[in-house]
Protein chains: 2
Amino acid sequence: MAVTGDQFLVKEINKTVVLEAIRRHAPISRADVCKITGLNKGTVSNLVNELLDSHFVYETGPGESSGGRKPVILMFNNWAGFAIGVNLKVDLISAVLTDLQGNIIERNETPLLTNSQSDIYQKLKQSIEGLMAKTSESPYGVVGIGIGFPGTIDDEGNVLIAPTLKWKNVPLQTMLERDFSIPIIIYNEARVGAQGETEFGLGKNSANMLYISIDNGIGTGIMIDKELYKGHLGFSGEAGHTTFDINGEPCECGNVGCWQHYASVRPLLKQALLLEDMKEQLLRAGKSQPDMELLVQLAEEGHMGVRQLFSTIGTNIGIGISNLVRILNPELVIIGGLMAVAERWLIDSITETVKQRASLYYEHELEIRFSQLGSDATVLGAASLAISQLFKKTRVTVN
Amino acid sequence: MAVTGDQFLVKEINKTVVLEAIRRHAPISRADVCKITGLNKGTVSNLVNELLDSHFVYETGPGESSGGRKPVILMFNNWAGFAIGVNLKVDLISAVLTDLQGNIIERNETPLLTNSQSDIYQKLKQSIEGLMAKTSESPYGVVGIGIGFPGTIDDEGNVLIAPTLKWKNVPLQTMLERDFSIPIIIYNEARVGAQGETEFGLGKNSANMLYISIDNGIGTGIMIDKELYKGHLGFSGEAGHTTFDINGEPCECGNVGCWQHYASVRPLLKQALLLEDMKEQLLRAGKSQPDMELLVQLAEEGHMGVRQLFSTIGTNIGIGISNLVRILNPELVIIGGLMAVAERWLIDSITETVKQRASLYYEHELEIRFSQLGSDATVLGAASLAISQLFKKTRVTVN
DNA sequence: CTTTGTTTGTCCATAGGATAAACAAAGTTT
DNA sequence: AAACTTTGTTTATCCTATGGACAAACAAAG
């Protein structure tokens, strides 16, 4: 059945528009909401009053006059409810409690020692329960739980496969729904990060954005028109397993020469291990294995071998980005994940490569940036997914 | 300024819904339109009457009774206007005149002998004028001209670069608008083909579809939610110039080892030329160069060398498709263009490769098909672009 | 202190569109 | 022939946005 229009739809549309205006521009007066939205004064007044009744908006005192009657200042009510955002990683559960604006109220971290599904689930549950206990009285309570997960999730929140955790076919969403009875949203980590960057990070002003999360693997989150693109069954964005070298080695995924074996943290560290003086450096740093922290430090200190490694990885990252850019033509590419800490040592080789391999795009407004949110991109994105399902956005599209 | 809702918007939405229902299900009664759309009888009656007034719909006589009053049958008025669809290729302009349903009324073909911009433009103009002369009296006349173009077009219809034609920075849309004073829509050939397949071909029932046009180059058209995805500036879908072999040879595009040098018609023919017995075969066929027709014929006759060539190209096509599928997770991939004539000799190696390299997707509803529309995909898609801008679709999205 | 003009927000009459229900028309079934 | 069905129109009602009138509150100029 097609979606048709009636008076209720009109109201829903306009109410969403008004709330969005307040959310984005608060403190704001009714009059300014009119100017922003183009809606009539009476309409805005009426809708604002309903929003006041439902506690999503509140009034503070009068504001500054600009030559006439003082405006009544409207605020978005951050405290009308809470959201929980989780970043489930192989060795760590990071979780945050946020208000409805995405401000972090409380955070907790739980190290993971095993891959055991039941163990991890218990810890996840405890982590969430711990945050829920920190909420104060509010009209709506915790409105939802968003989770960034390191694996492939279908559109019903089932984990199909999570190579690093060695999970297969786990109905995670159903399990959590049973335990918490509030909306649960589970997407893979990169997709959640993309959401975070769009809501709170560098992607605020970009409609078509590509977020590339580079840890031990590479995942991507595709934003189209400010919305997460999911694909037919929710499996889009698996760029880490696209072919980088047709003559490369077989990957466990069934493909050959996957990009992430040439451009992620794992191959970087592997190659670092082969550096002549790595043994000494490890001794000096008191580490048994090289890690990103050490490599960045060495690069800072002027270690040419390490800088060369970064440059090579950067080129490989750039090649993959060029491919993605040619397919998707985003206006912005954000690089996030663990690799992002090496921004300074990667940026030149990445941009050089893209400039050369996708020059048409580079010359036409393509921007490549590194995430400024760090690992918060994921938890914040997860929380914002939980929030946005509360404020379901009714939008009108004209093609 | 945000899009807000009012009563006129509601009417526009519902009118579109009703017209779509009639367009897709004609012959149909008002009562059945109610059932399909969920709209009230009175509403449908009113909207249908307006559509009758504007000549987009007409009534035929009464239909079969199903136990009560006979229904009045409504038809979509194909002849309310015309559309023109053009496929501009390097050596040929194909153009069609269609009715508003996309039925071809008239077609013409103009061989191109030069790359000269003015010469081609003259022939394009004449070709369109020739079709326009064939229109009969109608309420709306020719409602628009859609053009599939072999090159990169920006979102204002300027040709940025067309390597095969050796054009650069040609304001084609503006030129045509000046000459014809009706809406002109210009997209690259693959994107237009995708539109054609979605409207009239295998893609009718798929929301997320990927159309891959393989001629001498490879282009792709990405359909997301039945809409063409354009990207930030309209440059998406350039998959032919994504990296296939990092150790490959430099391409004129600035990249290295581009996919289309391994998986399109040109490399196929190039390799065919190296076959031991190709000279004899060319003599026998009376040709100076191998072409797709000859290769398909040889394969039919059991020529193992040619079959092997197809198999290799098929594998290369499959590798590229696997990459795209992992990034975009479409439910359907349609292979079109000149290469599609070799379906029988390619399908096995393509599916085998994808099955192996993107098994998760292959196991989850991914379909790979060859275009059945042939070169009509492009002209029909172009015409349908012209038509769809007439029936601008107002849609409501709830996220 | 007064006057003038501006800004903000509310209220009200009106317009337009969807809906439900009543109604009319034209069938079929019993 | 009577009763029921189906189709399509008409009517009364409801809902929401709009525009304008209005009042309140204020700044600036005199």
### Query
Which nucleotide sits closest to the side chain of B:Pro71: D:dG8, C:dG17, D:dA17?
D:dG8
### Task
Just compare D:dG8, D:dA17, C:dT19 and give me whichever is closest to any side-chain atom of B:Lys41.
D:dG8
### Flag if over 12 foreign heavy atoms under 6.0 Å of NZ, A:Lys230
no
### Summary
B:Leu9 atom CG is separated from C:dA18 atom P, nearest whole Å, by 11 Å
#### Entry: Closest to the B:Val72 side chain, choosing from C:dT8, D:dA17, D:dG8
D:dG8
### Query
Between B:Lys11 (NZ) and D:dA17 (C1'), how many Å, whole number?
16 Å
#### Entry: Minimum-distance nucleotide to A:Arg69 side chain [options: D:dT7, C:dT8, D:dG19]
C:dT8
### Message
Distance check needed: C:dA18 C1' versus B:Glu50 CD, whole Å only.
### Response
13 Å
## Note on the structure
For C:dT19, the nucleotide meeting Watson-Crick or G-U wobble distances (both under 3.5 Å) is D:dA12
### Task
Let me know, please, whether B:Thr43 or B:Asp32 comes out on the 5' side of the other along DNA chain D by nearest nucleotide.
B:Asp32
### Message
Side chain of A:Lys70, heavy atoms from C-beta onward: which of D:dC26, C:dG9, D:dG8 has the nearest atom to it?
### Response
D:dC26
#### Entry: B:Lys204/B:Glu197 ion pair, N-O < 4.0 Å
no
### Task
Would you mind reading off the distance between B:Arg30 atom CZ and D:dT7 atom P, rounded to a whole angstrom?
12 Å
### Atom-to-atom span, CD1 of B:Ile73 to P of D:dT6 - whole angstrom
16 Å
### Message
Of the listed nucleotides (C:dG9, D:dG8, D:dA17), which one gets closest to any side-chain atom of A:Asn46?
### Response
D:dA17
### Message
As a test of reading the structure: which of D:dT16, C:dA20, C:dG16 is closest to the side chain of B:Phe8, going by heavy atoms?
### Response
C:dG16
## Note on the structure
pair_partner(D:dA29), Watson-Crick or wobble, both distances < 3.5 Å, evaluates to C:dT2
### Task
Verify the contact: side-chain N or O of A:Lys35 to OP1 or OP2 of C:dT8, cut-off strictly under 4.0 Å; return yes or no.
yes
### Message
Applying a 4.0 Å non-hydrogen cut-off, can you work out what B:Asn40 is touching in the nucleic acid: base, sugar-phosphate, or nothing?
### Response
base
### Task
Go through D:dA17, C:dA20, C:dA18 for me and flag the one nearest to the A:Leu47 side chain.
D:dA17
### Query
Is B:Glu59 salt-bridged to B:Arg30, cutoff N-O under 4.0 Å?
yes
### Distance flag, aromatic centroids of A:Tyr140 and A:Phe56, threshold under 6.0 Å
yes
### Message
Rounded to whole Å, please give me the gap between CG in A:Leu39 and P in D:dG19.
### Response
11 Å
### Rounded interatomic separation in angstrom, taking CD from A:Gln7 and C1' from D:dT13
10 Å
### Query
Do NZ/NE/NH1/NH2 and the carboxylate oxygens of A:Lys15 and A:Glu12 come within less than 4.0 Å?
no
